Amino acid sequence: MLGAERYIRDGNTGKRSSMANESANDTAQMIGPVILLGPPGAGKGTQSRKIVDQYGIPQISTGDLLRDNVSRGTELGLEAKAIMARGELVPDELMYGIVALRLRECDCERGFVLDGFPRTPAQAGWLDAFLEKEVFDKSGNPKNLAAEKCPPVVIQLLVDYNQLLLRLTGRRSCPTCGRLYNIHLQPPRVDELCDLDGSKLVIRDDDRREVIAERLEAYETQTKPVADYYRLQRRLVAVNADRPVADVTAQIFSVIDRHKQDRNHGC
Ligand code: AP5
């Protein structure tokens, strides 16, 4: 993990991981860790941004962190590049340093939304140990809000396979502001141009059909067991994400709000 600082740019995680909106409704409250679990194209990135705006906590997307390292040509980026291009998972050991570094940033103290992590049961176990040791115990004072021991809320986004294919093959993003579009489902007003800043939209390297198939396969074999891990701990809440974005957002907010209330009553 030594020297891992160079893997985080300016203490942030790239465009999708923007720091919370100052005008967010819940900026004074402890939210805790929120984990969005779901296959490629389930809407983890889309919904993470809604959570950022609503609750004022940062989004931590391991996919964005890795892509940022690839584009900057760091040692991690060089190792991850070919693996990601094949649609496979980057080895767990390479992920831990970069995630630990990001979670130690002070903007995570009230909570954070994890998008794309954990992705294997080993990563889930590592995260539990990390949260227990570093995030909730770091003040050493159990009465301190930041020291409150509260497990993450884990929200599983369920989407039909054919809908996932439409979402992934149609995805476009703005290279300037990071806004997501979908040429089939949420097209921009002008073909291939961002509604907000007019930039030409781009296609992600791993959104080619053959790579999509690999990514979905990796999800089935390596990431689905993560849902079982959290189900056994009674932390998993499944949400029907095969609905319009706003409907999915409303379901997610109600799960997070319920979790907050439970915490107030001692979780
Ligand atoms: P990552 O970047 O995490 O990609 P992913 O998990 O494959 O997820 P996506 O970003 O493709 O989809 P999403 O669920 O965020 O959906 P989105 O909101 O964009 O990972 C990429 C790679 O990095 C991995 O393959 C792996 O190699 C590596 N990696 C990352 N984390 C790792 C880890 N922890 N361990 C090991 N390796 C790791 O939406 C998709 C589209 O659908 C968009 O066009 C959007 O507009 C549209 N859409 C969203 N919601 C709706 C809706 N409700 N209705 C209609 N359209 C919608």
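Counting starts at 1 for both ligands and their atoms, following the listed order. As the structure is a computational prediction, the values presented were derived from the model and not from experiment. Index from 1, following the sequence.
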K.L.:
Would you kindly specify which portion of Gln186 sits under 4.0 Å from ligand 1, judged on non-hydrogen atoms: side chain, backbone, both or neither?
P.N.:
side chain
K.L.:
Quick test of your reading of the structure: of Arg119, Arg204, Met84, whose heavy atom lies closest to atom 30 (C) of ligand 1?
P.N.:
Arg119
K.L.:
Judged by non-hydrogen atoms, does Gly41 sit under 4.0 Å from ligand 1?
P.N.:
yes
K.L.:
May I ask you to check whether Asp128 and Tyr230 show a side-chain donor-acceptor distance below 3.5 Å?
P.N.:
no
K.L.:
Is Leu157 touching ligand 1 with its side chain, its backbone, both, or neither, if touching means heavy atoms under 4.0 Å apart?
P.N.:
neither
K.L.:
Which ligand 1 atoms, with their elements, are less than 4.0 angstrom from a heavy-atom of Glu88?
P.N.:
26 (C), 27 (O)
K.L.:
So for ligand 1, is Thr46 a polar contact partner (N or O within less than 3.5 Å, distance only)?
P.N.:
yes
K.L.:
Is the closest N or O pair between Arg215 and ligand 1 shorter than 3.5 Å?
P.N.:
yes
K.L.:
Are Ile183 and Val245 in one and the same hydrophobic cluster, where Ile, Leu, Val, Met, Phe, Trp and Tyr link if side-chain heavy atoms are under 4.5 Å apart?
P.N.:
no
K.L.:
Side chain, backbone, both or neither: which part of Arg171 comes within less than 4.0 Å of ligand 1 when only heavy atoms are counted?
P.N.:
both
K.L.:
Find all atoms of ligand 1 within a distance of less than 4.0 Å from any non-hydrogen atom belonging to Gly45, and give their numbers and elements.
P.N.:
13 (P), 15 (O), 18 (O)
K.L.:
Check ligand 1 against Tyr181 and write out every atom of the ligand that is under 4.0 Å from a heavy-atom position of the residue.
P.N.:
43 (C), 44 (O), 46 (O)
K.L.:
When clusters are formed from ILVMFWY side-chain contacts under 4.5 Å, directly or step by step, what else is grouped with Leu201?
P.N.:
Tyr181
K.L.:
What residues join Leu78 in its hydrophobic cluster, counting side-chain heavy atom gaps under 4.5 Å, either direct or through other members?
P.N.:
none
K.L.:
Which atoms of ligand 1 have any heavy atom of Leu168 under 4.0 Å away?
P.N.:
11 (O)
K.L.:
Is there a chain of hydrophobic side chains (I, L, V, M, F, W, Y, each step under 4.5 Å between heavy atoms) that links Val99 to Val154?
P.N.:
yes
K.L.:
Which atoms of ligand 1 have any heavy atom of Pro39 under 4.0 Å away?
P.N.:
14 (O)
K.L.:
Please report whether ligand 1 has a polar contact with Ala42, defined as an N or O pair separated by less than 3.5 Å (distance criterion only).
P.N.:
yes
K.L.:
Could you tell me, atom by atom, which parts of ligand 1 come under 4.0 Å of a heavy atom of Leu185?
P.N.:
55 (C), 56 (N)
K.L.:
Measure up the Phe117 and Tyr96 rings against each other and bin them: parallel (under 30°), tilted (30 to 60°), perpendicular (over 60°).
P.N.:
perpendicular
K.L.:
Mind checking whether Asp115 has an N or O less than 3.5 Å away from an N or O of ligand 1?
P.N.:
no
K.L.:
Give the numbers and elements of all ligand 1 atoms closer than 4.0 Å to a heavy atom of Arg67.
P.N.:
2 (O), 21 (C)
K.L.:
What are the two closest non-hydrogen atoms of Pro175 and Val202, and how far apart are they?
P.N.:
CG-CG1, 4.2 Å
K.L.:
Against heavy atoms of Leu66, which atoms of ligand 1 measure under 4.0 Å?
P.N.:
23 (O), 28 (C), 29 (N), 30 (C), 38 (C)
K.L.:
Using a 3.5 Å cut-off on N or O atoms only, is Asp206 in polar contact with ligand 1?
P.N.:
no
K.L.:
Does a salt bridge link Asp228 with Arg231, judged by any charged N lying under 4.0 Å from a carboxylate O?
P.N.:
yes
K.L.:
Salt bridge check: are Arg172 and Glu192 linked by an N-O gap of less than 4.0 Å?
P.N.:
yes
K.L.:
Heavy atom under 4.0 Å from ligand 1: found in Gln123's side chain, backbone, both, or neither?
P.N.:
side chain
K.L.:
If we only count N/O pairs under 3.5 Å, is Gly43 in contact with ligand 1?
P.N.:
yes
K.L.:
In terms of hydrophobic clusters joined by side-chain contacts under 4.5 Å, are Ile212 and Val159 together?
P.N.:
yes
K.L.:
May I ask you to decide whether Lys81 forms a salt bridge with Asp205, counting only side-chain N to carboxylate O separations under 4.0 Å?
P.N.:
no
K.L.:
Indicate yes or no: does Arg167 engage Asp207 in a salt bridge with an N to O separation below 4.0 Å.
P.N.:
no
K.L.:
Quick check: does Val90 get an N/O under 3.5 Å from an N/O on ligand 1?
P.N.:
yes
K.L.:
Less than 4.0 angstrom from a charged side-chain N to a carboxylate O is my criterion; do Arg72 and Asp68 meet it?
P.N.:
yes
